[in-house]
Amino acid sequence: MTNPLFDVLFGNHAGKDTPFLYLPDGETLTHDRFLRLAAQYANAFTAAGLEPGARVAAQVEKSHFALAAYAACVQAGLVFLPLNTGYTVEELSYFIEDSGASMVICKGDRREALQPIASKHGAALETLDEDGSGSLSEKAAEAPETFETVDRKADDLAALLYTSGTTGRSKGAMLSQGNLLSNAETLAEHWRFTSDDVLLHALPIFHTHGLFVATNITLVAGGAMIFLPKFDLDKVIDLLPEATAMMGVPTFYTRLLDDQRFDKDLVAHMRLFVSGSAPLLAETHTQFEKRTGHRILERYGMTETNMNTSNPYDGDRRAGTVGFPLPGVELKITDPETGEELPQGEVGQIEVRGPNVFQGYWQMPEKTAAELRENGFFITGDLGVIDDRGYVQIVGRNKDLIISGGYNIYPKEIELVLDEQPGVLESAVIGVPHADFGETVVGVIVPEAGAEPDLDAIGAATSKALARFKHPKKLIVREELPRNSMGKVQKNLLRDEFKDLFVNA
Ligand code: MCA
Ligand code: AMP
């Protein structure tokens, strides 16, 4: 028996003194040292009574300790549930309850606020700060540096990642060992990663992009990562000469292009820049090539599916497209009404099937049935078209979603909060173009008859309920919302009206 994900990502590197992580303080962590640290955390988890299959929810800052906690979960057969560090206590409460997490790991300064919630739901609470301090590390420090890897099968769950939904209720996407491993192996090969690669890692590690794409691929290849706590323009520019590859959301690339230090010489030795999580403007692609001589490789994925398509490594990387379905992934464009496949060249909804596609939504069989067909095709909610050369182009979304700086925001979640505020009759939340984040959030509020809603108080209520990146950058008061003859709010009219709020300012 084996643990396929652990064996390939981590076990293969046991005993290797090759560099794995270049840390911000100048220290280099070898693959072997990292594995010994992970084994200590795995021992700490087991000593706390966690059984294979138990969920471990972690809201911790990015650090090699946090990454070791992920590796430890894989080794101990636990289901890793990473959470955006921006989530409020109210948001966390839902994830802890819904997932039935057996352990919650948080920053030290969150312990007090989370203790009652963890206790209420019977979860153990441990702390872990970015410098490695906290109760989890204290327990791990006492533990042996070896751990007997727990057997797992390809269809056992490895991770639970929450993704918001159009109803405002987040859904836990269940990702199996096989989902993560197949995609990491495919991408490592497709993008030619080897043990010589050094990936400049500036993404957060609580999402698919930073954890399952950037990190898992590097691990499959046995390469190394320059592990930055976050995207810091000066640091990225300083460190690019040490790297061979970088992955980022479009905001990374527009910020780099806005800086004159970012030029051909700085990236002469780089072999690959990958973009995803949000649309990369064709203009950014073109400017990037002009400035650096590199063509960004754009790919397309989702939390539920990992990566689905990619532009070619060799061959034409076409601006404004997300390339071809990855090996082993089937993609079709269907009529949203009938589900029938459409002829090439017609716009429809994108559906995908393959070993990358998740196992369903945690304890939400109806939602799973609505989006994951019995024949294995997953309805992505993205609208696309396949061009005459087979490249997939994403032309829009069939779901009410805003992507700000690579973070997904579902308007419904914000509307539910706004609608509850005193003096508010109803609201509509829309995404409008934003020069830095691609899109940003605007809230349109309709007051109750005779009421004058207090916008400061509404801002404060939003802060308590929702992570900062979801807050409307502007609240606008309107007498009424535009509606069609069926009574449906015409958000397209609002988006059009406010489209210049953040681009021409
Ligand atoms: C930070 N802020 C944001 C965002 N990030 N507001 C809107 N959208 C954002 N994305 C807010 C903070 O709350 C703060 O607000 C202010 O902006 C500055 O915060 P700071 O941390 O300094 O921001 P930053 O460092 O400039 O961050 C911007 C960023 C970051 C570098 C673009 O958001 C980022 O790393 N994004 C990557 C997201 C990602 O990995 N997505 C992948 C999801 P205030 O000043 O008001 O307090 S996975 C996925 O989508 C699929 C599967 C896929 O295909 O990959
Ligand atoms: P998430 O909810 O974080 O899983 O985000 C998945 C969504 O991000 C997809 O359904 C797309 O709408 C969007 N997305 C990811 N990559 C791209 C891309 N390269 N171009 C356009 N949209 C993308």
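Because only heavy atoms are used, hydrogens play no part in the values below, and waters and symmetry mates are left out as well, while side chains stay in. Note that the structure is predicted; figures quoted are calculated from it, not measured. All ligand and atom numbering here is 1-based and tracks the order in the structure. Along the sequence shown, the residues carry numbers beginning at 1.
With hydrogens left out, the protein atom closest to atom 41 (N) of ligand 1 is Gly406 O, 2.9 Å, a heavy atom. In terms of protein heavy-atom proximity, atom 45 (O) of ligand 1 is nearest to Arg468 NE, 4.7 Å. Annotation: atom 23 (O) of ligand 1 to nearest protein heavy atom, Lys230 NZ, 4.5 Å. Protein heavy atom at the shortest distance from atom 2 (N) of ligand 1 is Phe437 CZ, 4.1 Å. At the top of the distance list for atom 55 (O) of ligand 1, counting protein heavy atoms only, stands Ser277 OG, 2.6 Å. Regarding atom 33 (O) of ligand 1, its nearest protein heavy-atom neighbour is Tyr407 CE1, 3.5 Å. Closest to atom 54 (O) of ligand 1 among all protein heavy atoms lies Arg299 NH1, 2.6 Å. In terms of protein heavy-atom proximity, atom 8 (N) of ligand 1 is nearest to Ser404 OG, 2.5 Å.
Every residue meeting the salt bridge (charged side-chain N to carboxylate O under 4.0 Å, His left out) condition with Lys171, not counting sequence neighbours, appears here in chain and number order: Glu371. Every residue two or more places apart in sequence or in another chain that forms a salt bridge (charged side-chain N to carboxylate O under 4.0 Å, His left out) with Asp496 is listed here: Lys499. With sequence neighbours excluded, the residues satisfying ring-ring contact (aromatic ring centres under 6.0 Å, His included) with Phe469 are Tyr407.
Between atom 40 (O) of ligand 1 and the options Pro204, Pro229, Gly86, the minimum heavy-atom separation is to Pro204.
At a cut-off of 3.5 Å, with distance as the only test, a side-chain donor of Ser427 or Asp419 sits close to an acceptor on the other residue.
By the neighbour-count criterion of 12 heavy atoms within 6.0 Å, atom NZ of Lys412 is sparsely surrounded, having that number or fewer from other residues, nucleotides or ligands. Crowding of Gln393 atom CD: a count of heavy atoms from other residues, nucleotides or ligands under 6.0 Å exceeding 12.
Contact annotation: Gly210 has no heavy atom less than 4.0 Å from any atom of ligand 1.
Under 4.0 angstrom from ligand 1, the non-hydrogen atoms of Arg255 all belong to its side chain. Of all the heavy atoms of Phe252, the ones lying under 4.0 Å from any atom of ligand 1 belong exclusively to the side chain. Under 4.0 angstrom from ligand 1, the non-hydrogen atoms of Phe469 come from both its backbone and its side chain. For His209, heavy-atom contacts with ligand 1 shorter than 4.0 Å involve the backbone as well as the side chain.
Glu90 has no carboxylate O lying under 4.0 Å from a charged side-chain N of Lys470, or vice versa, which leaves the two without a salt bridge. Taking a cutoff of 4.0 Å between a charged side-chain nitrogen and a carboxylate oxygen, Glu415 and Lys491 qualify as a salt bridge. With salt bridges taken as basic N to acidic carboxylate O contacts below 4.0 Å, none links Arg55 and Asp98. Between Asp197 and Arg192 there is no salt bridge, since no side-chain N of the basic residue sits under 4.0 Å from a carboxylate O of the acidic one.
Using a 4.0 Å heavy-atom criterion, the residues that approach ligand 2 are Ser277, Ala278, Pro279, Glu298, Arg299, Tyr300, Gly301, Met302, Thr303, Val322, Asp382, Ile394, Arg397, Lys399, Ile403, Asn408.
Proximity of the aromatic rings of Phe206 and Tyr162 is defined here by a centroid distance below 6.0 angstrom, and this criterion is not met. The aromatic ring centroids of Tyr391 and Phe324 lie less than 6.0 Å from each other.
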